[in-house]
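Read the structure below first, then the notes.
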Amino acid sequence: MIIKSVRFARLSVPLHTPFKTALRTVSSIEDLVVMIDTECGKTGYGSAPSTPVITGDTHQSMLSIINSVLAPLLLGKSVSNINELCNHLAGAVVANSSAKAALEIALYDLWSQGLGVPLYQALGGERCELKTDVTISVDAIDKMLSDCDIALDKGFDVLKIKIGNDLEHDIKRVQAIAAHVGSKAALRLDVNQGWDAKQTVRALRAIESEGIVLELVEQPVKAQDIDGLHYISERVQSKIMADESAFSPKQVVTLLERGAVDIINIKLMKSGGLSRAIRIADIAATYDCPCMIGCMLEGSIAVSAAAHLAGAKAQQISLIDLDGPALGQFDPVQGGTKFNGPAISLNNTPGLGITHINGLIDLPNGVWQ
Ligand code: MG
């Protein structure tokens, strides 16, 4: 399969309820969709959201870098040589991880279409049913409790609680949610870099001293504060997970050599796509470190690629946080992975299995509008 063209579109899906973290508030999923066409008439699909405060990527920056630097590297090349194509993308420009991810997802979709099997099988796995947690946005305690009830009613039994705004209030939030939910759901905390190391130890000791068991605590301190993560891990019972600290395979080696964290959160938008995400999962496996597969606030094209990776790497990727599509009011993608509340069912058709996408908006002249 020879690559003929790279096209773009915009895809917008309103959320059931605004998504609030310590870093931002958002009311819709806004994805840049990348389509790679081959001379034999196949199309591979990829997508990426704008996350300037996390990855530095915006829709327009992705459009610009793909148009000017990355797409020209792919035109006329064979998809069969996917490892080399991904290495070219990774080495062509620093950072820009979401732009690389969108292209890599489309390339892996095409590659596995060419092999005639679903992506998770092409990557060597057989798990095709996953169960995701769901995010509870940071808010007033009463609102968070009612959001927990809604999530439980939808069948979710793992809740990822966003906190990190205000230490004392965050402790009260977790205590109230744990008392309210009881044994009906496991709790994961995501602090999104909102505390410092000493605050984290104080908060987690206050929570743990009440007998509250947390499944994990995600990125309590600033991304670059590896010493802080190590300090916390030495002093609390809860397992600590790196998210914003763990973009690249090399960063993951550093974290695990230091013994700074217990779990790595892999996201395609941080790693620059599937090739480096696979590498991270394999590095973590050599340290007997479990991984979560996570996503940004993003739609089902990219999230389905992450789900296929989790299906392929079932042993390493034991924790699933792929609730992006579940937060949207509808799924515009037909034919691929099915997202139904906590249940994710991978397609058994070749590649990502996408047959049609409703509501794609053209982006004339490569301008996000
Ligand atoms: Mg996170």
Side-chain angles (χ1 to χ4, degrees), residues 15 18-26 29 48-57 97-98 101 132-139 144 147 151 156 158-165 170 173-174 177 186-197 199-200 203-204 214-226 228-229 232-233 238-248 251-252 255 260-272 277 280-281 284 289-299 302-303 306-307 309-310 317-327:
L15 295 173
F19 184 86
K20 296 181 187 175
T21 75
L23 295 175
R24 60 190 181 138
T25 300
V26 190
I29 300 170
S50 165
T51 55
V53 295
I54 305 167
T55 65
D57 295 297
S97 56
S98 304
T132 181
D133 63 14
V134 71
T135 300
I136 304 296
S137 286
V138 61
D139 218 314
M144 293 181 81
D147 286 348
F156 291 97
V158 185
L159 306 178
K160 180 161 146 174
I161 313 296
K162 292 283 191 182
I163 50 174
N165 272 3
D170 286 337
R173 286 179 171 114
V174 176
I177 289 170
L187 300 183
R188 302 169 176 173
L189 302 187
D190 189 356
V191 189
N192 283 112
Q193 312 179 61
W195 300 338
D196 67 26
Q199 287 176 326
T200 304
L204 293 183
L214 302 170
E215 192 180 14
L216 57 88
V217 178
E218 180 171 347
Q219 196 68 47
V221 298
K222 293 273 182 268
Q224 64 274 17
D225 189 8
I226 310 304
L229 289 171
I232 296 160
S233 293
S238 304
K239 292 190 185 313
I240 304 299
M241 180 166 75
D243 183 12
E244 288 93 331
S245 295
F247 271 57
S248 69
Q251 286 174 320
V252 170
L255 285 165
V261 294
D262 306 290
I263 310 170
I264 299 293
N265 188 348
I266 302 174
K267 292 178 180 169
L268 301 184
M269 297 303 142
K270 296 187 297 175
S271 64
I280 289 171
C289 172
C291 295
M292 172 184 275
I293 186 80
C295 61
M296 307 294 183
L297 184 60
E298 57 187 295
V303 175
L309 175 62
I317 302 174
S318 52
L319 301 157
I320 313 292
D321 173 31
L322 297 178
D323 64 345
L327 302 177

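Note that ligands are numbered from 1 as they come in the structure, with each ligand's atoms numbered from 1 the same way. Counting begins at 1 with the first residue of the sequence. These figures come from a predicted structure and were not determined experimentally.
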- In D190, which N, O or S atom comes closest to the Mg ion (ligand 1)? OD2

- Message: For Q193 and D243, which I'm curious about, is there any donor-acceptor pair between the side chains at under 3.5 Å?
- Response: no

- Please examine the side chains of P49 and I29, heavy atoms only from C-beta on, and report whether any two atoms are closer than 4.5 Å. no

- Query: Closer than 2.8 Å to the Mg ion (ligand 1), do we get an N, O or S atom from E244, backbone or side chain?
  - Reply: no

- Message: Can you see whether Q219 engages S245 through a side-chain donor-acceptor pair at a distance of less than 3.5 angstrom?
- Response: yes

- Does the pair D190/K160 count as a salt bridge with the N-to-O cut at 4.0 Å? yes

- With the Mg ion (ligand 1) as the apex, the OE2/OD2 angle for E218 and D243 - to 10°: 80°

